[in-house]
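Written below as structure tokens is the structure these notes are about.
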Amino acid sequence: MPGDVLGELKWRGLVHQVTDPQLGERLKKESLAVYCGFDPSADSLHLGNLMGLINLARFQKAGHKAIAIAGGGTGFIGDPSGKSAERSLLTAEQLDANCRGIQEVISRIFRNAGAGEARLINNADWLCKLSLIEFLRDTGKHFTVNHMVAKDSVKSRMDDREHGISFTEFSYMLLQAYDFWHLFKTFGCRMQIGGSDQWGNITAGCDLIRRRIFVDTIQAASKSRSVLPHELAEKAEKAAKVIENYTSNQIDKVLKEGITQGEFKVVAAFSQPAYGLTWPLLVRSDGKKFGKTEDGAVWLSAHRTSPYALYQYFINVPDADAGTMLRWFTELPQAEIEALEARHAAEPAKREAQRALARELTRLVHGEDETRKAEQAAAALFGGGAKDGDAGLAGLDEATLLELVKEAPNGPLAKARLNGEGALFIDLMAESGLWKSKGEAKRAIQQGGANLNNVRVSDLGKKVNSGELLHGKYLVLRKGKKEYFLFKAE
RNA sequence: GGGCAGGUGGCCGAGCGGUCAAAGGCAACAGACUGUAAAUCUGUCGACGAAAGUCUACGGGGGUUCAAAUCCCUCCCUGCCCA
């Protein structure tokens, strides 16, 4: 017996729209297959995609079956939802590599979430085989352009005369609808979840499924009569609507219009074949886009965003958002989150909520080991030593030092330059790239924003010689409070 | 195709012959205060230079002038109006 996922999603503030108010009841009684799609526009997923993954995992843990789709087929087209301009197309090789990349992320996070294995499918498997004629005839027939034009994703681009929307992207929604239909047919998938921008695509899928079922189930009946399947389907759909309203004389009326009682029963059984659920757009109270920093997206793969950087992203979440994000992204129970919030409100400086958030999320994305390292690094860099002077870095052994600055960008430095008097610190600053020019480096020194081995440098003519190398090899440059660069003398 | 209005630093936007590396705002960066917050305050914000200063920059190219972001020519681009 499945758990009450929908109820859980509700208290977590993650239900924006559902296609059917009865969905919650059904989810409690029956195990359904649920899917969510992921766009292979890069070789990894970012925080913006994490919600889909976590929610899929929640469904699976509640006793449903999760299906994650990599959009290897739809990626050829590009989803116009939420995009203001036409996207550039990716090559088949890129898409293929990207799909493999995101599949790695998906299975890793599923494992870390304790949700077991995710069923991973690439929609290129069926979309690329689809013939145009077949598609237009069997799928396109079920949509009117009038209706498609009214969908938000298309409408906003139609109103924007500068960018417009190509026929390619306009057709996107039909492909996603087809995906849902395909999954329904082959895996009995009955539900699709996504962000609120996916609502139009999801309902298109639900509509397609309902309409095609009508066609398929009554096709046999239509053969014995001289009625075209889609005509019968229209009647069936009317019947389905009537069922929802339950007026007996209306049912009689529909029956008289040429649908048999047997067919009516089939229709009734399928009147609610597929469901959709969306969660709200995730926004931060400070107006920043969730999951974005000045440097771009926060990624879920270590080669793009280090575990430490991911940890830091959540540590730095504004107070006002910490509780909300704990609800969204962690599996902590309601009571525990509320307790954390209470403690956080009492002593905000301790950042208990952010710490819990950062810890849970780093663990979910990168696992226990990486989380511990990120926590240690944070403690060493911000735990007091960094502020009070050199004790922090110079006292560390080499392995720990390297672990700390592993995240930082680094570069080689010719050892010879540090002989005798040594090299001008300003030059090293500019070379590191942390400061863009010598002028900028100079200003940083004047303003007190330049540190060597965690000691503030205030002398413009400061020279560095080999005596200042940590462990005979390293120089750690710090800009402001948070940015580091490591020179390795060779 | 014709008419008009424009193109200035990451963005918005003033300047309309010298005092312009270019007002003001936003963003960004650093410092102080804090909690690795927020708010606030201070400073910085083209390159090189310790500095004086030098160089490169106001859509591209060419010109006038002692002097051009500012005037002229030309090309490119954008918006609006007419066809």
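Each chain gets a letter, A, B and so on, in the order the sequences are listed, and its residues count up from 1.
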Just by modelled atom types, is the A/Y275 backbone N or O under 3.5 Å from a matching donor or acceptor in the A/D20 side chain? no
Are any of the side-chain heavy atoms of A/L277 and A/V34 separated by less than 4.5 Å? no
Looking at every strand, decide which applies to A/K479 at a 4.0 Å heavy-atom threshold: base, sugar-phosphate, or nothing. sugar-phosphate
Suppose you measure atom P in B/rU8 against the same atom in B/rG61; what distance do you get, rounded to whole Å? 16 Å
Check A/E375 with A/R372, please: is the shortest side-chain N to carboxylate O separation under 4.0 Å? no
Assigned partner base of B/rA23, Watson-Crick or wobble definition, under 3.5 Å: none
Without swapping roles, check the side chain of A/Q60 against the backbone of A/E117 for a donor-acceptor pair under 3.5 Å. yes
Re B/rA68: Watson-Crick or G-U wobble partner, both distances kept under 3.5 Å, found to be none
What string of B, S and - do you get for nucleotides 49-56 of chain B, 5' to 3', when a contact is any protein heavy atom under 4.0 Å? B-S-----
Between A/F290 and A/F329, does the ring centre distance come in under 6.0 Å? yes
A/E336: partners by salt bridge (Lys or Arg N to Asp or Glu O under 4.0 Å), with sequence neighbours left out: none
Complementary nucleotide for B/rC58 - Watson-Crick or wobble, under 3.5 Å: none
Mind checking who B/rC45 pairs with, Watson-Crick or G-U wobble, both distances under 3.5 Å? none
Rounded distance (Å) that lies between atom C1' of B/rA38 and atom CD1 of A/I315: 16 Å
Length of the line joining A/K481:NZ and B/rA30:P, which is rounded to integer Å: 9 Å
Base, sugar-phosphate alone, or nothing: which one does A/R456 contact when heavy atoms must sit under 4.0 Å apart? sugar-phosphate
A/E368/A/R359 ion pair, N-O < 4.0 Å: yes
What N/O pairs connect the protein and nucleotides 42-46 of chain B at under 3.5 Å? Give each pair on its own line.
from   : atom 1 : to     : atom 2 : distance (Å)
B/rG43 : O2'    : A/Q447 : OE1    : 3.4
B/rG43 : N2     : A/Q447 : OE1    : 3.3
B/rG43 : N3     : A/Q447 : OE1    : 3.0
B/rU44 : O4'    : A/Q447 : OE1    : 3.3

What interatomic distance, in whole Å, is found between P of B/rC77 and the corresponding atom of B/rC66? 35 Å
Between the side chains of A/R363 and A/E360, is the shortest nitrogen-to-carboxylate-oxygen separation below 4.0 Å, so that they form an ion pair? yes
Sort out the partner of B/rG6 for me: Watson-Crick or G-U wobble, both distances under 3.5 Å, none otherwise. B/rC77
Mind checking if A/E347 touches a base, just sugar-phosphate, or nothing, with heavy atoms under 4.0 Å? nothing
So A/I445 and A/K462, do their side chains get closer than 4.5 Å, heavy atoms only? no
